[in-house]
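One structure is given below, encoded as structure tokens.
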Amino acid sequence: MSHQLATNLARVEKLIKKAAHDARPPTLVAVSKMQSVDTVKAAYDVGVRVFGENRVQEAAEKFTDFKNEYSDLTLHLIGPLQTNKAKAAVAIFDVIETLDRVEIIDAVAAEMKKQNKNPTCFLQVNTGDESQKAGCSIADMGALLAHARAIGVTITGLMCIPPLRDPPALHFALLKKLGHQYGLENLSMGMSGDFERAIKLGATHIRLGTIIFGVRSKP
Ligand SMILES: *Cc1c(COP(=O)(O)O)cnc(C)c1O
């Protein structure tokens, strides 16, 4: 398993460097959702330090002990957050990429104070305006960013998941433009199928699961 992971990782890192060309390569967030603790540890052993999980409960189960043991590990929340999970999310995640509404920003802010923790926060934007998808609308971004700032939550970036119906590059370019407009330096965009495009369009963080760990089995 380690050998396969090392091979996949080396291959991906090469592709990332190539896509970044002369620019600084983005942070690779290895998406370990539905992967076992053993697989996560094997990835750590071959050099992965940044992991992404989409469910708070699963992340807490897999990473609580692991993070206590290895302090150089960074964990990103890349899935939707509910207010009743804010406490656990602030406890385990270093980066929360999916803030998207007032209630969740408030809940995270309250937990940050209580736990004296300061996770890095991104705003998820529903760039395709899909009714079933998480993320704020583009129209609400200004108000949400202002609200977050007013209550002491610093949002440093944007995250998006492009709709399947569109070429992802449209959404990567749009997210980049929005980041520029609001003065946010971080852009989390690009997955296994489209990360090279995302890098060329300015991604600072790419979220890769399948291309590193292989196809996920169904839950
Ligand atoms: C699962 C997931 C990924 C990784 O997807 P792959 O296609 O396996 O690289 C990236 N981002 C989010 C938000 C995800 O839920």
Side-chain angles (χ1 to χ4, degrees), residues 1 4-5 7-16 19 25-36 39-40 42-43 46 48-63 74-82 85 89 92-101 104 119-130 132-136 155 157-169 171-172 174-176 179 186-219:
M1 179 171 67
Q4 186 61 54
L5 274 175
T7 307
N8 293 350
L9 195 62
R11 194 177 136 252
V12 164
E13 279 172 348
K14 224 173 175 176
L15 294 171
I16 292 171
T27 300
L28 164 57
V29 179
V31 177
S32 52
K33 63 184 181 196
M34 289 161 65
Q35 305 295 343
S36 68
T39 301
V40 167
V46 298
V48 176
R49 292 295 178 271
V50 185
F51 292 89
E53 286 282 341
N54 69 335
R55 294 182 57 246
V56 177
Q57 181 69 31
E58 180 182 344
E61 282 164 16
K62 277 153 65 174
F63 280 90
T74 303
L75 190 60
H76 289 233
L77 176 63
I78 61 168
L81 183 54
Q82 310 302 329
K85 296 277 169 60
I92 190 86
F93 289 101
D94 306 287
V95 182
I96 297 177
E97 297 197 11
T98 51
L99 297 181
D100 64 355
R101 57 195 191 279
I104 202 69
T120 299
C121 293
F122 294 0
L123 193 66
Q124 181 177 353
V125 186
N126 187 355
T127 56
D129 205 16
E130 295 173 282
Q132 84 288 4
K133 199 166 267 176
C136 70
I155 292 180
L158 301 175
M159 180 271 217
C160 77
I161 307 171
L164 291 171
R165 57 160 205 258
D166 289 345
H171 295 270
F172 299 155
L174 175 57
L175 200 71
K176 165 125 183 158
N186 291 312
L187 298 173
S188 173
M189 55 191 199
M191 307 180 12
S192 290
D194 53 24
F195 68 97
E196 289 155 297
R197 272 269 94 154
I199 293 170
K200 288 183 177 137
L201 290 166
T204 61
H205 295 74
I206 53 174
R207 309 179 307 266
L208 306 184
T210 316
I211 200 167
I212 295 173
F213 295 108
V215 178
R216 289 177 288 274
S217 46
K218 294 265 178 276

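In this chain, residues are counted from 1 in sequence order. All figures in this text were calculated on a predicted structure; none of them were measured in a lab. Note that ligands are numbered from 1 as they come in the structure, with each ligand's atoms numbered from 1 the same way.
- Under a 4.0 Å criterion applied to the non-hydrogen atoms of Thr210, ligand 1 contributes the atoms 6 (P), 7 (O), 8 (O), 9 (O).
- In this structure, atom 9 (O) of ligand 1 lies nearest to the protein heavy atom Ser192 OG, 2.5 Å.
- Distances from atom 11 (N) of ligand 1 to the heavy atoms of Arg207, His76, Glu53 show the closest one on Arg207.
- Going from atom CG of Leu75 over to atom NZ of Lys62 covers 9.5 Å, rounded to the nearest 0.5 Å.
- For ligand 1, the polar-atom distance check finds no N/O of Asn54 at less than 3.5 Å from any of the ligand's N/O atoms.
- Arg11 has its side chain within reach of Ile211: a pair of non-hydrogen atoms, C-beta onward, lies under 4.5 Å apart.
- Here the closest heavy-atom approach between residue Ala203 and residue Pro26 is recorded as O-CB, 3.4 Å.
- Summary of contacts: the protein heavy atom closest to atom 2 (C) of ligand 1 is Lys33 NZ, 2.6 Å.
- Taking every heavy atom of Ile161 and a limit of under 4.0 angstrom, the matching atoms of ligand 1 come to 13 (C).
- When heavy-atom distances to ligand 1 are checked against a 4.0 Å cut-off, Ile211 has no atom that comes that close, whether in backbone or side chain.
- Residue Gly209 has at least one heavy-atom neighbour below 4.0 Å for each of these atoms of ligand 1: 4 (C), 6 (P), 8 (O), 9 (O).
- For a threshold of 3.5 Å applied to N or O pairs, the pair formed by Met159 and ligand 1 contains no separation below that value.
- Of all atoms in ligand 1, listed by their number and element, those nearer than 4.0 Å to a heavy atom of Leu208 are 9 (O).
- The structure places CE of Met159 at 10.5 Å from CG of Leu123, a figure rounded to the nearest 0.5 Å.
- By the 4.0 Å heavy-atom criterion, Arg216 is counted among the residues contacting ligand 1.
- The heavy-atom pair separating Ile96 from Pro119 by the smallest distance is CD1-CG, 4.2 Å.
- The closest protein non-hydrogen atom to atom 5 (O) of ligand 1 is Met191 CE, 3.6 Å.
- Here the straight-line distance linking atom CD of Glu58 with atom OG of Ser32 works out to 7.5 Å at 0.5 Å rounding.
- Of all non-hydrogen atoms in Pro162 and Lys133, the two that sit nearest each other are O-NZ, 3.3 Å.
- Within the model, atoms CD1 of Ile206 and CD1 of Ile199 stand 4.0 Å from one another, a figure rounded to the nearest 0.5 Å.
- Using the six-membered ring where Trp is involved, His205 and Phe122 have ring planes that are perpendicular, over 60° apart on the 30 and 60° scheme.
- Selection from Ile78, Val29, Leu77 by nearest heavy atom to atom 12 (C) of ligand 1 gives Ile78.
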